[in-house]
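Working notes for the structure below.
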Number of protein chains: 2
Amino acid sequence: MRVSDKHQKITQAAVKVFARKGFFNARISDIAKEAKVADGTIYLYFNNKYDILISLFEDEIGKIIMKVKLLLENETDPLKMLEIYAIHHMSLLQEQKELVEVLQMELRQSNKFIKEYRNTKFIEYIDIISEIIHKGQQSGHFRQEVMPGVVKRAFFGALDEMSRLWALSAKPKYTLEETAKQITDIFQHGIVVRNS
Amino acid sequence: MRVSDKHQKITQAAVKVFARKGFFNARISDIAKEAKVADGTIYLYFNNKYDILISLFEDEIGKIIMKVKLLLENETDPLKMLEIYAIHHMSLLQEQKELVEVLQMELRQSNKFIKEYRNTKFIEYIDIISEIIHKGQQSGHFRQEVMPGVVKRAFFGALDEMSRLWALSAKPKYTLEETAKQITDIFQHGIVVRNS
DNA sequence: AATTATTATGAATAATGATTCATTTTTTGT
DNA sequence: ACAAAAAATGAATCATTATTCATAATAATT
């Protein structure tokens with residue numbers, strides 16, 4: 001077995017265990033058992049428990065960024081781009097529910113227990129939104145007065161909160177794609193009735 | 001000293017310590033020291049460490065709900081109501097930064113380590129949003145096709161993410177009130193240019 | 001003032017689980 | 001096939017801390 005395979009086996013086991021029990025309640029021995037390796041083996045690939053989390057976070061966010069950038073590559077309409085981003089984000093949940101749970105949690109917790117850690121990967125991910133907004137303003141599609149930096153946080157927050165709900169509730173009313181479209185629609189056109 | 005005083009002293013100490021170190025890294029002895037009581041005293045008022053967190057969450061969200069309901073009482077315009085909610089939510093950060101940090105964290109974590117715990121207080125808090133939306137639809141201010149249940153999550157998520165940013169960053173560009181207004185504006189009118 | 005009830009203390013307990021490292025197994029090179 | 005290097009093992013260590021409880025301090029009652 002190649003080195004990288006074992007690294008990945010441990011990472012994937014960690015995703016499962018962290019999602020199931022949360023980071024602090026997850027035991028190294030749980031991860032080892034799930035990955036079918038000895039406890040000590042984990043320390044050949046990671047420095048410590050935190051390191052597993054950080055490493056997994058960076059790797060996985062990296063993949064997500066690559067995928068969404070690929071999806072956006074051939075689209076020029078900013079409205080469509082926003083929708084693609086939303087659908088992609090929500091779809092993650094379907095494909096990798098456990099991963100999404102871990103990422104959501106990690107995002108809130110990491111800065112509490114690892115002060116030095118600056119989450120550049122996450123910033124890269126949400127900056128895709130502000131780039132879309134900026135582009136849309138230049139092309140005249142989006143209002144000049146909205147602030148890309150605010151929209152990016154608000155839009156991400158909205159999507160993230162919806163996926164949190166989805167991850168928890170057993171029986172959602174709508175499909176993830178419908179939900180993503182609804183949120184995109186609200187951000188694009190607002191909820192107020194137009195009286196023109 | 002009245003019993004309730006000590007209960008509250010411990011709760012407030014816990015807010016400080018949880019905000020500083022996170023729930024899992026906070027030691028009971030830290031909280032005891034902060035509250036200036038003995039470790040054992042804490043167990044006269046709370047069953048265990050989780051209980052402190054839950055109890056504090058319910059109490060504090062309860063107060064927040066009461067305050068925002070009071071603020072909304074004399075307002076009838078749904079657009080204004082939404083803005084009031086947003087401003088109130090963001091203002092919490094100014095007044096009780098530590099508390100907000102703890103609540104945000106707890107929201108993500110609680111369901112991980114206490115399976116039975118259904119967060120009814122939190123639901124009550126965000127249901128205020130869907131009530132506003134519903135009211136606005138009945139009065140003809142808001143579009144019929146948006147779903148109050150989706151808007152409430154999206155709106156809360158947007159506000160929550162903005163406060164997360166605020167709690168982390170040392171030097172924000174705008175005041176909390178401006179930020180709250182911007183988010184409300186986006187939800188009300190969207191970001192797309194109107195061509196009527 | 002003496003007795004009882006209530007509240008508080010903090011050292012001792014007891015369980016937990018991350019990390020280490022001496023030993024074993026597997027792989028690589030000759 | 002052998003030796004050397006690399007990778008893997010998992011039991012033992014060691015630190016950490018939530019919780020308990022025998023004792024002490026304080027308050028209430030007679």
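By convention in this document, chain letters (A, B, ...) are assigned in the order of the sequence lines, proteins followed by strands, and residues within each chain are numbered from 1. What you see is a predicted model; the values in this text were computed from it and never measured.
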Calculate the interatomic distance between [X] atom [atom1] and [N] atom [atom2]; express it in whole Å.
| X | N | atom1 | atom2 | value |
| --- | --- | --- | --- | --- |
| A/Ile52 | C/dG17 | CD1 | P | 15 Å |
| B/Lys9 | C/dT7 | NZ | P | 16 Å |
| A/Leu44 | D/dA5 | CG | C1' | 14 Å |
| A/Phe46 | C/dA18 | CZ | C1' | 16 Å |
| B/Lys6 | D/dT26 | NZ | P | 11 Å |
| B/Ile10 | C/dT9 | CD1 | C1' | 13 Å |
| B/Lys36 | C/dA8 | NZ | P | 16 Å |
| A/Asp30 | C/dA18 | CG | P | 8 Å |

### Query
Hey, is NZ on A/Lys135 packed in by over 12 heavy atoms from elsewhere, all under 6.0 Å?
yes
### Message
Within the supplied structure, the quantity of interest is the number of heavy atoms (other residues, nucleotides, ligands) at a distance under 6.0 Å from B/His88 NE2; does it exceed 12?
### Response
yes
### Query
Do A/Lys9 and A/Tyr45 have side-chain heavy atoms sitting under 4.5 Å apart?
no
### Query
Between B/Lys121 and B/Glu124, is the closest basic N to carboxylate O distance under 4.0 Å?
yes
### Summary
Whether each nucleotide of nucleotides 12-24 of chain D has a protein heavy atom under 4.0 Å at its base (B), only at its sugar-phosphate (S) or at neither (-) is summarised, 5' to 3', as -----SSBB----
#### Entry: A/Ile133-B/Val193 co-clustered via ILVMFWY side chain contacts under 4.5 Å
no
#### Entry: Parallel, tilted or perpendicular, as decided by the 30° and 60° cut-offs, for the rings of B/Tyr125 and B/Phe156
perpendicular
